[in-house]
Student: 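Sharing a structure here in structure tokens format.
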Number of protein chains: 2
Amino acid sequence: MITTRDIAERLGISVSTVGRALADDSRISEETKFRVRQAAAEMGYVANRAARMMRGASSNVVALVIPDIRNSFYSAIAHELSKNMEAQGYQLMLSETDDDRMVELRHLRELSANRVAGIIIVPTARPHSDSVKLLRAVPHLQLLRRHPSLGSQWFGVDDHEALRRATAHLVAQGHTRIAYVGGPVELPTGAERLRGFRSALQEGGLPDDAGRAELGPPASLAHGRETVRRLLEDPRAPTALVLGSIQLTLGVLEELSQQGVKVPEELSVVGFGDEPGFSWWGPGLTTVGLPIEEMATGCALWLMRRLTTKPSNDGPYTSVSPGSLVVRGSTAPPGGRQA
Amino acid sequence: MITTRDIAERLGISVSTVGRALADDSRISEETKFRVRQAAAEMGYVANRAARMMRGASSNVVALVIPDIRNSFYSAIAHELSKNMEAQGYQLMLSETDDDRMVELRHLRELSANRVAGIIIVPTARPHSDSVKLLRAVPHLQLLRRHPSLGSQWFGVDDHEALRRATAHLVAQGHTRIAYVGGPVELPTGAERLRGFRSALQEGGLPDDAGRAELGPPASLAHGRETVRRLLEDPRAPTALVLGSIQLTLGVLEELSQQGVKVPEELSVVGFGDEPGFSWWGPGLTTVGLPIEEMATGCALWLMRRLTTKPSNDGPYTSVSPGSLVVRGSTAPPGGRQA
DNA sequence: CCTCCGCGTGCTAACGTTAGCACTGCCTGG
DNA sequence: CCAGGCAGTGCTAACGTTAGCACGCGGAGG
């Protein structure tokens, strides 16, 4: 690799002069700058950021720590983030935790060793105490899920309100046996969504046994399929389904298609997230649309400001809109179409 | 940030000893090692990889340079790659080019400055000459698209064969007006897929005007919609459609659903890629399935070997299977279902 | 004529880590 | 009893870049 020293030797000048010329320092004559730049270009010089970092400069890398990039919500976030950061000269590091706190910890160690400038993280249910320590030392922002030990810098969705609205939509249509399939209560989002589901039932004046919650790994398509299979076998199968994660929704839709369940006649369904494909599934999936782009640009802007301004910026958190209910054809009063 | 020096001062020993203790050097007494490790853990020491890199060590970061992470093919690749690399202690850097050679160049400059250990890239149609220079200096592997100036390390799909099979399937059913909607010929993949399309027509003994190619940005869902709209307005609209990219397929499916086009009665469709949702679209989408996981693990393994072994490893390239045609309900002889 | 100033450049140290070499005791074999 | 070796540790230089300080030179003002 070419260094400033190589350039200096070739031009018969000092390393300092080369460095200053490349930094466009006002003290260097235009002629020298020109010669240095020319030589640098010819020799294919690329500054070594590791060396620069050792002089106290911070890195230009920001990490995104998420469960799984294949989840289209996260890939959308990654995309927006990447776009925003690139414009500011930052690079994006991608770390997948697979919702495993040990993997999360390993990643955080590496990110820390690499001295990333900032971290945007969707934390696992109960981050390892070392993970907490590591995060504390770096500007970070929690996304979606919020774990109290990680501070109050959080950017999320009003999960409670989102599921409340989704469920209320079914209650309003007269359903009295509604199942919720979502993530575990250990996850903050899981807990909130379940609470929203329960709130809607209660507000609708339904008895306690009207609702039924099936909780499990939220990132597993297979789990969605199995759960819906189990539910349908039940003699007192629900007449409506509310879903609490994108992956679960994908799994459930596949299974319902495959089993030829008539929606909404036999079963009403409200999904979570809005993927390409949800609009053309069966009669069109009624679903909770999420403000992905707003969230991603919000995150990017927050982090950029946090990294460029000196004082330990600390707006406590920003909750984004609860998501909008997109009503399509997959919901109807129990027993058939028509209200 | 805590450094080895801090630990050394606290324990009243030298920096070298601390360094060696942490590296588990055999010359250091067990007792000293223990004290150093304890102190390091207590103080939250994390080695600075930038400093280590300056001593000649290479970085543990590998970059993935792709057009758009939201494309599920790329997110699947990113996932597999990330999983494989994490196991080896590597981190993944994500760079999106948006198929813009200038953005690509900017990213490559940054990656180069950060001294990434390796790069896996889906190059733009005509990479900037500086991009070529930069890539030459780093172990890299082309994915899917292959640009001659970037060397022969390539991991891809047999695009010609994939599209040939897809088209042949339609020809076999008797279609004589077939349209291909795909990426531009400037992209190696675009050229190959178009060639495959043409080959199948020729092999089927169809006249030159049987086929019609509509080329445009492959990553644009909107372009897929517009193209199909335009095709349907044509008095001599095709009776079958072959698609040449995942995003275009998504767009086309949405438009066909929205317009209520009867598939396969009015139009047969063969898609590209196999997304969740393709199976439940209309009568089920006949499509070209891609060996995503095999490719991703293949890439990861190649790169790992390339990075860990000394000699400039140079298997010229590896072409993966042509993709398997997944036959569902969206294809039938012209004019209706049934053969 | 001398001093002072500013322009352009060079020297040197520093960042955190690592590796080569040197040093100090102590123990063993001749 | 002495030489040599080894275990355990310290000193120092080096990686590439940058910033503070110093230096030389020429011109302007006293």
Side-chain angles (χ1 to χ4, degrees), chain A residues 1-37 39-40 43-61 89 109-117 137-138, chain B residues 1-37 39-40 43-61 89 109-117 137-138:
Chain A
M1 274 291 171
I2 308 296
T3 71
T4 46
R5 184 178 179 167
D6 297 323
I7 301 180
E9 279 174 4
R10 165 155 158 183
L11 297 182
I13 58 181
S14 78
V15 208
S16 323
T17 305
V18 173
R20 281 194 272 256
L22 292 172
D24 203 19
D25 190 303
S26 64
R27 291 172 298 178
I28 301 296
S29 71
E30 284 306 320
E31 196 227 333
T32 307
K33 282 186 191 172
F34 178 79
R35 293 204 306 144
V36 169
R37 284 185 199 135
M43 303 170 74
Y45 169 78
V46 180
N48 185 338
R49 201 176 303 270
R52 192 173 292 172
M53 276 173 66
M54 287 200 45
R55 296 266 330 156
S58 71
S59 84
N60 71 144
V61 177
R109 276 204 226 280
E110 286 299 330
L111 296 177
S112 195
N114 281 45
R115 299 291 191 268
V116 295
V138 183
Chain B
M1 275 291 171
I2 309 295
T3 70
T4 45
R5 184 176 178 168
D6 298 323
I7 301 180
E9 280 174 3
R10 167 155 157 184
L11 297 181
I13 58 180
S14 78
V15 208
S16 325
T17 305
V18 173
R20 280 194 273 257
L22 292 172
D24 202 19
D25 189 303
S26 65
R27 290 172 298 178
I28 302 296
S29 72
E30 285 306 320
E31 196 227 333
T32 306
K33 282 186 192 173
F34 179 79
R35 293 204 306 142
V36 169
R37 284 186 198 135
M43 303 169 75
Y45 169 78
V46 180
N48 186 337
R49 200 176 304 270
R52 192 174 292 172
M53 277 173 65
M54 287 200 46
R55 297 262 333 154
S58 71
S59 83
N60 71 146
V61 177
R109 275 204 227 281
E110 288 298 330
L111 296 176
S112 196
N114 282 62
R115 297 294 191 268
V116 295
V138 183

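Here the structure is a predicted model, which is why all the values come from computation and not from measurement.
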Student: Can you confirm whether A/Leu111 sits close enough to A/Val138 that some side-chain heavy atom of one is under 4.5 Å from a side-chain heavy atom of the other?
Tutor: no

Student: Answer yes or no: is there a donor N or O on one side and an acceptor on the other, between the side chain of B/Asn114 and the main chain of B/Val116, under 3.5 Å?
Tutor: no

Student: Nearest-Å distance, CG (B/Asp25) to P (D/dC6)?
Tutor: 16 Å

Student: Base of D/dG16, side chain of B/Arg115 - is there a donor-acceptor contact under 3.5 Å?
Tutor: no

Student: Please report the distance, rounded to the nearest Å, between CZ in B/Arg55 and C1' in D/dA13.
Tutor: 8 Å

Student: What is the distance, to the nearest angstrom, from the CG atom on A/Asn48 to the P atom on D/dA14?
Tutor: 18 Å

Student: Considering heavy-atom distances to DNA chain C, does A/Ile13 or A/Ala51 have its closest nucleotide positioned more toward the 5' end?
Tutor: A/Ile13

Student: A/Glu9 has an atom CD; how far is it from atom C1' of D/dG16, in whole Å?
Tutor: 13 Å

Student: Starting at CE of A/Met54 and ending at P of C/dT18, how long is that distance when rounded to a whole Å?
Tutor: 11 Å

Student: Between C/dT17 atom C1' and B/Arg49 atom CZ, what is the distance in whole Å?
Tutor: 12 Å

Student: Is the shortest side-chain heavy-atom distance between A/Tyr45 and A/Val18 below 4.5 Å?
Tutor: no

Student: OP1 or OP2 of D/dT18 versus the side-chain N and O atoms of A/Arg20: is any pair under 4.0 Å?
Tutor: no

Student: Could you tell me whether the side chain of B/Ser59 and the main chain of B/Arg115 form a donor-acceptor pair under 3.5 Å?
Tutor: yes

Student: With a 4.0 Å limit, can you tell me whether B/Thr17 has a side-chain N or O closer than that to the phosphate oxygens OP1/OP2 of D/dG8?
Tutor: no

Student: Rounded to the nearest Å, what distance is computed from the CD1 atom of residue B/Ile7 to the C1' atom of nucleotide C/dG16?
Tutor: 12 Å

Student: Assign A/Ala47 to base, sugar-phosphate, or nothing according to its heavy-atom contacts below 4.0 angstrom with the strands shown.
Tutor: sugar-phosphate

Student: Please tell me which of B/Val18 and A/Thr4 maps to the more 5' nucleotide of DNA chain D, matching each residue to the nucleotide holding its nearest heavy atom.
Tutor: B/Val18

Student: Side-chain N or O of B/Thr32 versus OP1/OP2 of D/dT9: is the shortest distance under 4.0 Å?
Tutor: yes

Student: Is any side-chain heavy atom of B/Asn60 closer than 4.5 Å to a side-chain heavy atom of B/Arg49?
Tutor: yes

Student: Record whether the side chain of B/Arg27 comes under 3.5 Å of the base of D/dA7 through a donor-acceptor pair of N or O atoms.
Tutor: no

Student: For D/dC11, does the base pair up with any side-chain atom of B/Ser14 as donor and acceptor (N or O, under 3.5 Å, distance only)?
Tutor: no

Student: Look at all strands and tell whether A/Ser16 reaches a base, only sugar-phosphate, or nothing, counting heavy atoms closer than 4.0 Å.
Tutor: base

Student: In whole angstrom, what separates A/Lys33's NZ from C/dC7's C1'?
Tutor: 13 Å

